[in-house]
Amino acid sequence: MNQELEYRAEPELLRRVDEALDSIRPYLKADGGSVRLIDITPDMVVELELLGACGECPISEMTLRAGIEQTVKRAVPAVSRVEAIKSH
């Protein structure tokens, strides 16, 4: 089996990232969107699902980089980047 598929981030790390996301969710919700934390990879890449309007927004990549990623990295400096993935 692929070891990366078996990886699940530490609960404390997931909690800290989710708390950072909680700080920006009201702004996303004001525009009809939100994000859901999927996982954090062994390389410290935060995987998110963009929900609602965020999933179809033409500037979602800018929101992801300038807003979400910066907020998460400030709260959890070990994070290398934030990526939006499609939920299965």
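Keep in mind that the numbers below use all heavy atoms, side chains included, and drop hydrogens, waters and symmetry copies.
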Enquirer: Apply side chain to side chain contact (heavy atoms under 4.5 Å, CB included) to the pair Thr63 and Cys54, showing each step before the final yes or no.
Expert: CA-CA 9 Å; Thr63 301; Cys54 289; 5.7 Å; no
Enquirer: Pick from Leu50, Leu28, Ile68: which one makes a side-chain contact (heavy atoms from CB on, under 4.5 Å) with Ser60?
Expert: Leu50
Enquirer: Just jot down the salt bridge (charged side-chain N to carboxylate O under 4.0 Å, His left out) partners of Arg25, sequence neighbours excluded, or say none.
Expert: Asp18, Asp22
Enquirer: Kindly indicate, with the supporting measurements, whether the criterion side chain to side chain contact (heavy atoms under 4.5 Å, CB included) is fulfilled by Ile85 and Ile38.
Expert: CA-CA 9 Å; Ile85 62 169; Ile38 303 296; 3.9 Å; yes
Enquirer: Is it true that Arg16 and Glu19 have a side-chain N and a carboxylate O under 4.0 angstrom from each other?
Expert: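 Looking at Arg16 and Glu19, the cut-off is not met.
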Enquirer: Would you kindly confirm whether Leu14 and Ile24 end up in one hydrophobic cluster when ILVMFWY residues are joined by side chain heavy atoms under 4.5 Å apart?
Expert: yes
Enquirer: Could I get the full list of salt bridge (charged side-chain N to carboxylate O under 4.0 Å, His left out) partners for Asp31, not counting sequence neighbours?
Expert: none
Enquirer: Just by distance, do the side chain of Glu69 and the backbone of Val82 share a donor-acceptor pair under 3.5 Å?
Expert: yes
Enquirer: Provide the closest heavy-atom pair for Leu21 versus Val35 in the form atom of the first, atom of the second, distance.
Expert: CD2-CG2, 4.0 Å
Enquirer: Please check this pair: side chain of Ser80 against backbone of Met44, looking for a donor-acceptor N/O pair closer than 3.5 Å.
Expert: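 Here the side-chain-to-backbone pair exists.
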Enquirer: Under the criterion side chain to side chain contact (heavy atoms under 4.5 Å, CB included), I'd like the reasoning laid out for Leu13 against Val76: C-alpha separation, chi angles, the key distance, then a yes or no.
Expert: CA-CA 8 Å; Leu13 183 60; Val76 186; 3.6 Å; yes
Enquirer: Can you tell me how far OG1 of Thr41 sits from CD of Glu47, rounded to the nearest 0.5 angstrom?
Expert: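 Here the interatomic distance stands at 6.0 Å.
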Enquirer: Under the rule for salt bridge (charged side-chain N to carboxylate O under 4.0 Å, His left out), what residues qualify as partners of Arg81, not counting sequence neighbours?
Expert: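 Scan of Arg81 (salt bridge (charged side-chain N to carboxylate O under 4.0 Å, His left out), adjacent residues dropped) gives Glu83.
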Enquirer: Distance check, rounded to the nearest 0.5 Å: Leu64 atom CG versus Gln70 atom CD?
Expert: 10.5 Å
